[in-house]
Amino acid sequence: MIRDSLAAALRAALIEAGIEPPAEIHLERPARRVHGDWSSNVAMATAKNNGRNPRDLAGELVATLNASPPPHVARVEIAGPGFVNFHLHGTWLYDVLGEIIDAGEDNYARLDIGHGQRVNVEFVSANPTGPLHAGGGRWAAFGDALCRILDRTGHVVHREYYLNDRGVQMTLFAASLAARQAGLDVPEGGYVGEYIKEWAAEMPPGADPAAWGYERAKTDLRESLAAVGVEFDTWFSEQSLAEGGAIDETLADLRAKKMAYDQDGAVWLRTTDFGDDKDRVLVKSDGEPTYLLPDIAYHRNKFARGFDLLIDIWGADHHGYVARLQAGVLALGHQPEELEIILGQLVVLVKDGQEVRLSKRAGELVLLEDLVDAVGADVARLTFLLQSLDTRQTIDLDLITTQSNENPVFYVQYANARIHSIARKAAAAGITRAPLAEVDLSQLVHDREFELLRKLSELPEVVAMACHDRAPHKVTTWVRELAERFHGFYHDCYVIGDVPPELTQARLWLVESAQIGLGIGLDLLGVSAPEAM
RNA sequence: GCCCUCGUAGCUCAGCGGAUAGAGCACCGGCCUCCGGAGCCGGUGGCGCAGGUUCGAGUCCUGCCGAGGGCGCCA
């Protein structure tokens, strides 16, 4: 990798200047091309501690580097307050092309960050008391994309959905179904949504509303998620946890570790030992466990199944619950880094210019299923993956449905369609690709070609960053930028047609590398790469 | 009152502590005798406010203003 060789050269130059190199030599791609292909701030970063002037030091480094330039380096320059800028020959990008082709879609930008770490990612986990609303699609799309990124970066990933199939909400759900079936109003605090009527009508006479309703809801959830391409490895039932005695075992465990105590007829967890504001109740004075205890038991179960890292993806409305669950897991003797809770801001749905309240009980529902029916899985997924989980996402249902053609997904997929169009054109013209080793890549000298390759060269870093920051939208951004570069190339650089055969050959391989990059990016997002649109 | 997230162009959003802050939509103006115009090129227009740290701050810290969410023996 060019980055490593530049860093090594800088390290050597620093030593020659009598300065101990920092552990990390920072290299970045300047925003402006006039600043070269790669740039380093080491002179500015190390000058002060060594009693040197940044520009003087940079000048010294530049002189050393220019005296015997590293591979591909045309010249090194000092710029601004002390940047060391590397201007490279296009040959470094030909190497990138070669790397991409050698690695292929399976292996380019496949990293080993995780070293086989076993990760359980739990997401969506909406209660099995009704269909999934459209906002839930954000968790589905994000969770699945994160899993794909984790998988590509050397983690062993397990997708899990937690079903809260016991407790008061299930009782109310069952009672609501039973009431509707009997033609009565739902009980106080029950579920009044239209779907309850529909489901009640489906329910066979004599069926147990709780058991039947649970299965009905689970099926609905599974199908809605499958429609956006999300499938779980495990659907974990809270009820099964209780029946297996895990809740009692967990409580006994916490008591044995002196982390639980009795007071006022209730059982408390010492969450304050782990930074919580106050201790929390595990078992209420009426003998019923709170939500917390089964949840701790559930996480205990996940660890028992051999996972090294648990990732929970929650809506920001559960923020207040983070500290106590973390405390519960620590109380069991686990380390803080074994449980990672990712909070995401909630989705705001807008219809007819009005915010749609999302509540299963209140009734007004916009279903994920309806959204997918209206715009398709690709548009839905990419829409959810356009922005950071830290921002409150507003989805205007009228906009997304009527103007779905303007969704960035089409821009990206169109690039892929053009790639395949070129392939079809080549096939029709009887042009076949010569082996890469026999092709003269130095034919590629157009800015559009270089810009495309530069963008492709970033993918491994983008994947690493998306993994590190748990930020799939960084892949989305990259894919859009890659498509932009490709469209520019496509517009200005004909592959088939009035160009010399050697250039056609080189460009065919460039197109191939673009297809590989695009394919990887779209796959990480779970968006399809159609050959024609 | 305390805690979390956010505040960037008219709108929706990107932006690993780096150099002259970018896209899409909207608006204005260009580009098809040639691989798909769902495209390309150009223009208008912006970091909530005030301090601080730093060689350098949209990015880090503090305060203020504004938006959303959270602070139960609810789930």
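Below, read A as the first sequence line, B as the second, and so on, with proteins coming before strands; counting in each chain starts at 1.
- For A:Tyr490, counting side-chain heavy atoms from C-beta on, the closest listed nucleotide (B:C13, B:G39, B:C35) is B:C35.
- With B:C40, B:C74, B:G18 as the choices, the nucleotide that has an atom nearest any side-chain atom of A:Glu28 turns out to be B:G18.
- A pairwise comparison of heavy atoms in A:Ser176 and A:Tyr191 identifies OG-N, 2.9 Å as the closest pair.
- Comparing A:Pro408 and A:Gly320 by the nucleotide of RNA chain B that holds the closest heavy atom to each, the one mapping nearer the 5' end is A:Pro408.
- When heavy atoms are screened at a 4.0 angstrom cut-off, A:Ala429 is found touching no nucleic acid atom at all.
- The CD-C1' distance, from A:Glu484 to B:A14, rounds to 12 Å in whole Å.
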Dot-bracket notation for RNA chain B is requested: 5' to 3', Watson-Crick or G-U wobble pairs only, both distances under 3.5 Å, with ( ), [ ], | and . as defined. (((((((..((((....[...)))).(((((.......)))))....(((((..]....))))))))))))....
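- In this structure, A:Phe489 atom CZ and B:C34 atom C1' are separated by 15 Å, rounded to whole Å.
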Could you run through nucleotides 2-9 of chain B and give me one letter per nucleotide, 5' to 3': B if any protein heavy atom sits under 4.0 Å from the base, S if only the sugar-phosphate is that close, - if neither? -BSSS---
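- Heavy-atom minimum distance, A:Asn416 versus A:Ala529: ND2-O, 3.1 Å.
- Straight-line distance from the CZ atom of A:Arg480 to the P atom of B:A38: 19 Å, rounded to whole Å.
- Comparing atom distances between the A:Arg418 side chain and each of B:C73, B:A19, B:G39 picks out B:G39 as nearest.
- Ranking B:G15, B:A19, B:G18 by closeness to the A:Lys474 side chain, first place goes to B:G15.
- Distance noted for atom C1' between B:A26 and B:U44: 12 Å (whole Å).
- Salt-bridge check for A:Asp276 with A:Arg280: passed, with a basic side-chain N closer than 4.0 Å to an acidic carboxylate O.
- On a pure distance criterion of 3.5 Å, a polar donor-acceptor pair joins the side chain of A:Asn85 and the base of B:A19.
- Among the nucleotides B:C40, B:A19, B:G18, the one closest to any side-chain atom of A:His491 is B:C40.
- Using a 4.0 Å heavy-atom criterion, one finds that A:Asp264 contacts the bases of the nucleic acid, with or without backbone contacts as well.
- In this structure, the side chains of A:Tyr490 and A:Tyr494 stay at 4.5 Å or more apart for every pair of heavy atoms.
- Using a cutoff of 4.0 Å between basic side-chain nitrogens and carboxylate oxygens, A:Arg3 and A:Glu461 are scored as salt-bridged.
- Partner of A:Ile341 under the side chain to side chain contact (heavy atoms under 4.5 Å, CB included) criterion, out of A:Val329, A:Asp312, A:Ile313: A:Asp312 alone.
- What separates NE2 of A:His26 from C1' of B:U59 is a distance of 13 Å, to the nearest Å.
- Atom-to-atom, CG of A:Leu293 to C1' of B:C74 comes out at 15 Å; the value is rounded to the nearest Å.
- One P atom belongs to B:C27, the other to B:G63, and the distance between them is 44 Å to the nearest Å.
- Across B:C65 and B:A50, the matching P atoms stand 15 Å from one another, rounded to whole Å.
- In the model, A:Ser457 has a side-chain atom that pairs as donor or acceptor with a side-chain atom of A:Arg29 under 3.5 Å.
- Within 4.0 Å of A:Tyr321, counting heavy atoms only, lies at least one base atom of the nucleic acid.
- Across B:A75, B:U12, B:G22, the shortest atom-to-atom separation from the side chain of A:Arg32 is found for B:G22.
- A donor N or O paired with an acceptor N or O is found under 3.5 Å between the base of B:G18 and the side-chain atoms of A:Asn41.
- Stacking is not found between A:His473 and the pyrimidine-like six-membered ring of the B:A14 base under the 5.5 Å centre-distance and 30° plane-angle cut-offs.
- Within 4.0 Å (heavy atoms only), A:Ala31 reaches no atom of the nucleic acid at all.
- Here A:Thr394 lies in heavy-atom contact (under 4.0 Å) with sugar-phosphate atoms only.
- Set against B:C31, B:A19, B:C55, the side chain of A:Met44 has B:C55 as its closest nucleotide.
- With P as the reference atom, B:G69 and B:G10 are 26 Å apart, rounded to whole Å.
- Between A:Tyr298 and A:Tyr162, the ring planes lie parallel to each other; the angle is under 30°, not in the 30° to 60° tilted range.
- Nucleotides B:C16 and B:A9 are separated by 24 Å at their C1' atoms, to the nearest Å.
- The shortest distance between the side-chain N/O atoms of A:Lys48 and the OP1/OP2 oxygens of B:U54 is not below 4.0 Å.
- Between A:Lys302 and A:Glu160, no side-chain nitrogen of the basic residue sits less than 4.0 Å from a carboxylate oxygen of the acidic one, so the salt-bridge criterion is not met.
- Atom P of nucleotide B:C16 and atom CD of A:Glu24 are separated by 17 Å, given to the nearest angstrom.
- Contacts between residues 270-286 of chain A and RNA chain B, defined by a heavy-atom separation under 4.0 Å, are made by A:Lys278, A:Arg280, A:Val281, A:Lys284, A:Ser285.
- The pair A:Arg152-A:Asp112 does not meet the salt-bridge criterion, since no charged nitrogen lies less than 4.0 angstrom from a carboxylate oxygen.
- Ion pair A:Arg255/A:Asp262 flagged as a salt bridge, since at least one NZ, NE, NH1 or NH2 atom sits closer than 4.0 Å to an Asp/Glu carboxylate oxygen.
- Heavy-atom minimum distance, A:Leu349 versus A:Ala134: CD1-CB, 3.7 Å.
- Look at CZ on A:Phe384: it is 15 Å from C1' on B:U12, rounded to the nearest Å.
- For the pair A:Ile422 CD1 and B:C35 P, the computed distance is 11 Å after rounding to whole Å.
- Judged purely by distance below 3.5 Å, without hydrogens or angles, the side chains of A:Arg448 and A:His491 never pair a donor atom with an acceptor atom.
- Figure legend: cation-pi geometry between A:Arg433 and A:Trp509, with NZ or CZ positioned under 6.0 Å from the six-membered ring centre and within 45° of its axis.
- Counting any heavy atom pair closer than 4.0 Å across all strands shown, A:Ala316 reaches sugar-phosphate atoms only and no base atom.
- Nucleotides B:C11 and B:G46, compared at atom P, are 12 Å apart to the nearest Å.
- For A:Gln263, the CD atom is densely surrounded, since the number of other residues' heavy atoms within 6.0 Å is greater than 12.
- Taking the C1' atom of each, B:C35 and B:C40 are spaced 15 Å apart, rounded to whole Å.
- Look at B:C32: its glycosidic torsion is within 90° of 0, and that puts it in the syn range.
- Of the candidate nucleotides B:C40, B:G18, B:G37, B:C40 has the atom lying nearest to any side-chain atom of A:Tyr411.
- A salt bridge does not link A:Asp396 with A:Lys351: every distance from a Lys NZ or Arg NE/NH1/NH2 to an Asp or Glu carboxylate oxygen is 4.0 Å or more.
- Residues A:Tyr291 and A:His487 each lie close to RNA chain B; by heavy-atom proximity, the contact nearer the 5' end of the strand is made by A:His487.
- At a threshold of 4.0 angstrom between heavy atoms, the contacts of A:Arg448 are confined to the sugar-phosphate backbone, with no base atom among them.
- No N or O donor and acceptor, one from the side chain of A:Thr477 and one from the base of B:A23, sit under 3.5 Å apart.
- B:G58 and B:G18 are spaced 10 Å apart, taking the P atom of each and rounding to whole Å.
- If you check B:C73, B:A75, B:C34 against the side chain of A:His318, the one that comes closest is B:A75.
- Phosphate proximity of B:G56 to A:Arg55: absent, as no side-chain N or O sits under 4.0 Å from OP1 or OP2.
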